[in-house]
Amino acid sequence: MQTFYTVAVLLVGVILTNIIKPFISKIPEAFILIAVGVALSFTSFFKSFELRPEFFLLMIIVPIMFIDGQKQSFSKIRQRFGTIFFLSVILALASTLVVGLLTNVFEAGWTLPLAIALAAIVTPTDAVAVKSLTGETDMPAGVGEALELESLFNDATGLVVLDLALSVLSKGKFSVVYGLEHFAFVAFGGVLVGIVAGFLIVYLRVSLNVHTKNPETTVIPISLLTPFLVYLLAEKFGVSGILAVVATGIVHNWEASRLRLTSTRVQLTSTTIWTTISNVLNSVVFLILGISLPTVWKEMQVIGTTGMFPILGVSIMIYLAMLAIRFFWSVRQSPNTDDNFLGAHDPAQHRFLASVFAISGVHGTVTLAMAFSLPNRIAGHAFPFREELIIIATLVILISMIVSAIVLPMILPPKVTTYSLEDIDHIRNKMVDYATLQVRDTIDDHDVREALTEQLQSQKGSFVNQVGNIEEYQKLLYETKDFILTYIHGPSIADKYSADVVNIYEKIINRYDIPSFDQRGHFVKRMHFLTHKYNEKVHNQYRHAMWHIKNGQITPHQRKVARKAWIAKQPTDVLKKRQDVRDALLELNTEVINASDQYIDDVLRDRLMHKHSDNEHINLVRQTVNKYFTQIRHDYNKETIYVDGDYYIQAFQQEYNFVQRGVNNGHVSSAMAAVLYDEINQAQTLQLQRVQQVLAITA
């Protein structure tokens, strides 16, 4: 139960961060998550929190690495294998060796294996942290790709070297030959297990996808279990579980590229699920870092201020050493090689990109997890300097994040988008209104027409029912009412209905009061109008209730009996006349509904022709008028309206056409079109799924 509460509180932390971020958008999301994590550490759930490395690696890092592996194509890995090997293995090992030797010099009381263990802990980099810190800057494409490829495998390199260093500390001896053999076995063994297991699972998934009736209920759960099964299997064989998971992820990317448009529903659902999991877990990583900071702070207090100065100096030295290694490693890279990630630039540009790559070497929670994974006892004795190693690792993480958050926005240009949120809202609103009008013209049934319109208008967002311009809303309401009154006195109505029917209907329409207010005092007058209407409604309901009590018509049965008795007393010709008038009123109401629909559609069509996109008031007028028409036919028991799926397909096709014409005319950029196409795809998938559910229920 405690685990459930812990996970629930972490999810609450992710939600809180997403709520807070818009108000402090200048602060990188990673720091907001860390701050929220620190706040959560004071709750009862995390008061004595201590990071459990096994749980952290299995439940958080493993799925993240599996997702990262799925993002990398097999062909890219093959083409850039040299870059990956040098960044993730050679550079990581070189950094570990140099940092270990320097630390051993500065900390004379430490043994070399202990210094190497610390160097292995602080070596892994975190590309996700870099993206979180530099979200508003334009990271060079080659550097960004190099950071992703580096972080894909260097976690495993650090874990293998740490395991080797702990083995030396435990046994008290070291063999170069044994170390190389152990590293090769763990690393290449992990990749081999991941590839073999990946292909077997892919074969199973493809077979089930072909031979099962509902493949998503079988294939997707297998996909969710895959990284955990592969990791545990690799660890069982004594090889790197992290490398195995990454290799399996790459194999799954290959599967998706081969399947292409087969099993589309399975792939779309799986992608959505894994994207959501990735976003949540990447946020949880920084939350856990924040939750762990108070524990590290307590250990710093135990050491004291005097003891902290050398530790701080070592932390800065380690960070600067890794920064220098990364810079010189990348600046010496030949621009003529095929896998050069800095590009064939002039020397000044080459050094600039090398410095960006060096500063972007941010360290994340994997480093903290490795630090907390250090055993309390080793070789029968207390693990030497364990608290100091944890503190140094934490300080290196924070230093790397702070430096990157400050320096990178200063040296990199801001991210430039070809459109703003206002631009895409403008196009989206016009797109939805255009598609709505096109499909409304093909539907005769008013109720179906309005149900479809309401669904399509919801694409505009959560504020679709709010009036952007209250005066425009008010004006259109008056004009619509005037149109209705003019329409019922027109020649087409006079030829079909008696003057009595028209007069009765006019009285009904005139009961519809529209509040009167101006721009300066509209809110106060609106509230006054609503209060007046509410008091009037309460008064009428009171009078209605008292009449029923007085005449003994309280229960439905009593009312039914009284109505039958009243009908029995009425002359036949009077009842027939009342029924004829009632039928005529309902028929006239139907004609007025269709005419007013056409009138409001013409208003919207005219605004679209004049390039207006702020048409929310028109949709609200439509809803307001329809609500009153429904009240007129109050004796009509309205059922749930079913909208044929073909209408949705037509509507979404009209939206595609609108966007495509905008691209062809140069009014819509390619980047904006991609966003809108994605939104249309998602809306279409969701709506058609709902239609299928309705059909399944009614079948």
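Heavy atoms only: backbone and side chains are in, while hydrogens, waters and symmetry mates are out.
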Is there a donor in the side chain of S151 and an acceptor in the side chain of D155, or the other way round, less than 3.5 Å apart? no
Report the distance from atom CD1 of I600 to atom OG1 of T453, rounding to the nearest 0.5 Å. 10.5 Å
Do Q654 and N657 touch side chain to side chain, with heavy atoms closer than 4.5 Å? yes
Within-4.5 Å side-chain heavy-atom neighbours: V643 and I443: no
Using 30° and 60° as the class boundaries, would you call the ring planes of F658 and Y434 parallel, tilted or perpendicular? tilted
The residue among I288, I32, V36, L33 that forms side-chain contact (heavy atoms from CB on, under 4.5 Å) with S283 is L33
Mind checking the CG-CD1 spacing from L676 to I424? Nearest 0.5 Å is all I need. 4.5 Å
T125 side chain reached by N154 side chain, heavy atoms, under 4.5 Å: yes
Spacing of Q650 atom CD and Q653 atom CD [to the nearest 0.5 Å]: 10.0 Å
Does D601 come within less than 4.0 Å of R449, counting only side-chain N to carboxylate O? no
Can you measure from CG (L408) to CG (D138) and round to the nearest 0.5 angstrom? 12.0 Å
Can you find a heavy atom in the side chain of L477 that is under 4.5 Å from one in the side chain of K481? no
Between R605 and D602, is there a salt bridge with N-O shorter than 4.0 Å? yes
Using only heavy-atom distances, determine whether the side chains of N619 and E454 contain a donor-acceptor pair under 3.5 Å. no
Please check if the side chain of T248 supplies one atom and the backbone of G194 the other of a donor-acceptor pair under 3.5 Å. yes
4.5 Å side-chain heavy-atom contact, Y473 and T624: yes
Any side-chain heavy atom of L608 sitting closer than 4.5 Å to one from N615? yes
Side chains of M139 and S360, heavy atoms from C-beta outward: is any pair under 4.5 Å? yes
Any L224 side-chain heavy atom under 4.5 Å of I277 side chain: yes
Under 3.5 Å side-chain donor-acceptor pair for Q459 and E655: yes
